[in-house]
Amino acid sequence: MISQEESILSKSNRRTEAALKDIFTNDFRIGAAVNPLTIRTQEELLAYHFNSITAENEMKFASLQPEEGVYAFDEADRLAAFAREHGMVMRGHTLVWHNQSTGWLFEDKQGNPIDKATLLERMKSHIHTVVGRYKDDIYAWDVVNEVIEDEGDGLLRRSKWLDIAGPEFIARAFEYAHEADPHAVLFYNDYNESHPAKRDKIYTLVKSLLEQDVPIHGIGLQAHWNVYDPSLDEIRAALEKYASLGLQLQLTELDMSMFRFDDKRTDLTEPSAELLELQAERYDRIFKLLKEYRNEITSVTFWGAADDYTWLDDFPIRGRKNWPFLFDGLHRPKPAFYRLTELASK
Ligand code: HAH
């Protein structure tokens, strides 16, 4: 039995709208985060509109090496194969992060904390194995994710990485990744990247890595934004500041939540016409701005593809639905998409 949803989806096989990747073909690549479910349920949409993918979770430390020396590559391999089948490029996400790592990584067999040399050795072995395996599939890696502290004046976030190895773990991660694949484009990636205080800290970190000749080639702006924040001026200032380091920039996890970050409302069951229009206006202004930086920005990846699946359905309010993308739950273009078609290079 074909459900109503599936029959609408299969009708949308005959798309008439312009492809997102073609609209921005002279500007940057257009990517989507995917997972084993969405490469099935969103295959047609992904193949038509996107020319880059990122694994949402399947290449994180805990997914790839759940136990020491025991790697689980099946799902990651399927996503890489999907990219190949559809002629897409792939970004790697992510090698070193304080989340979705595994307990064993920081402990010995008795459960005691390990020393710095052991941790760096484990990190090196993981990075060499993973980056080496996907050499031919992945052209860019988020090497280090989210090590900057959000609040206060402190630069680096407290984490087991920092506690055990000290700040040096960041430079080492880039060096190991560069050894494993000298052609890969290596990124530092973070969120709240357009908030002035955090922007300046990210800048400080990356500048110091460059001064130490660490092989870092790009800054990933996660761009988990909403229809109100950050302002266009803040986004522009962040792009300017990061670009002044001479590195390439990518938007790595773009979405446009319908709610301010601290908004706890749970009563909205579908987005109003006003909200859809506000979102369209935001996407339009933001992509106009991104096009101004087309020499610096090499890729714009959404953290999903269509409103039927987004991590924001559970975050930060568990169970609350969100509608952050250019395509609705049935993969049809939303008002925001049609606004972007007007930006196509003539
Ligand atoms: C991102 N963190 C991660 O990079 C990504 O791997 C994950 O799938 C989803 C989001 C963003 C984040 C945030 O926006 C707020 C607080 C913590 C982390």
Side-chain angles (χ1 to χ4, degrees), residues 31-39 42 52-65 75-76 79 90-102 105 126 130 138 140-152 154 156-162 170 173 177 186-195 197-199 201-202 205-206 218-230 234-235 238 249-264 299-307 309-318 320 322 324-325:
V34 301
N35 61 46
L37 178 70
T38 61
I39 57 167
Q42 301 182 334
S52 175
I53 58 167
T54 307
E56 183 188 12
N57 291 303
E58 292 68 19
M59 293 189 178
K60 291 171 180 171
F61 204 112
S63 304
L64 287 182
Q65 199 186 166
E75 293 194 324
L79 302 182
M90 188 169 198
R91 302 187 77 263
H93 176 83
T94 177
L95 299 169
V96 171
W97 191 26
H98 61 281
N99 273 330
Q100 293 179 253
S101 276
T102 65
L105 175 58
H126 181 83
V130 171
I138 291 184
W141 272 100
D142 294 328
V143 177
V144 174
N145 200 34
E146 306 180 350
V147 293
I148 294 293
E149 172 58 47
D150 281 287
E151 309 292 334
L156 298 180
R157 170 198 301 278
R158 277 286 308 269
S159 71
K160 289 188 179 165
W161 287 109
L162 186 63
I170 300 168
L186 305 182
F187 282 79
Y188 175 72
N189 191 49
D190 213 331
Y191 65 93
N192 284 346
E193 73 302 312
S194 300
H195 290 191
K198 188 143 174 210
R199 171 199 73 205
K201 291 196 222 176
I202 293 171
L205 169 70
V206 174
I219 299 181
L221 295 82
Q222 286 189 8
H224 290 296
W225 295 338
N226 62 58
V227 293
Y228 311 101
D229 280 320
E234 285 172 334
I235 297 170
L249 309 180
Q250 298 195 344
L251 271 62
T252 53
E253 307 186 14
L254 176 61
D255 38 37
M256 204 67 67
S257 167
M258 291 295 194
F259 308 99
R260 285 186 197 280
F261 189 73
D262 55 4
D263 186 341
K264 302 213 164 28
S299 173
V300 175
T301 292
F302 293 80
W303 209 235
D307 289 345
Y309 175 81
T310 163
W311 73 299
L312 294 171
D313 284 347
D314 277 303
F315 184 83
I317 306 294
R318 192 166 293 179
R320 180 180 69 186
N322 211 321
F325 297 125

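Index from 1, following the sequence. Whatever order the structure lists ligands and atoms in, that order sets their numbers, starting from 1.
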Would you tabulate the polar-atom pairs, meaning N/O of ligand 1 against N/O of the protein, with distances under 3.5 Å, reported to 0.1 Å?
from, atom 1, to, atom 2, distance (Å)
ligand 1, 2 (N), E146, OE2, 2.7
ligand 1, 4 (O), N145, ND2, 3.1
ligand 1, 4 (O), E146, OE2, 3.3
ligand 1, 4 (O), Q222, NE2, 3.2
ligand 1, 4 (O), E253, OE1, 3.2
ligand 1, 4 (O), E253, OE2, 2.8
ligand 1, 6 (O), K60, NZ, 2.8
ligand 1, 6 (O), H93, NE2, 2.7
ligand 1, 8 (O), K60, NZ, 3.0
ligand 1, 8 (O), W303, NE1, 3.0

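- The two residues F325 and Y309 have their closest heavy-atom pair at CE1-O, 3.5 Å.
- In this structure D229 satisfies the salt bridge (charged side-chain N to carboxylate O under 4.0 Å, His left out) test together with R260, sequence neighbours excluded.
- For N99 and E146, the side-chain atoms include no donor-acceptor pair closer than 3.5 Å.
- For W161, the ring pair (Phe, Tyr, Trp, His ring centres under 6.0 Å) partners at least two apart in sequence or on another chain are F106, F169.
- Closest approach of P230 and W225 over heavy atoms only: CD-CD1, 3.2 Å.
- Q250 is linked by a side-chain hydrogen bond (donor to acceptor under 3.5 Å, both in side chains) to R91, Y139, T298, counting only residues two or more places apart in sequence or in another chain.
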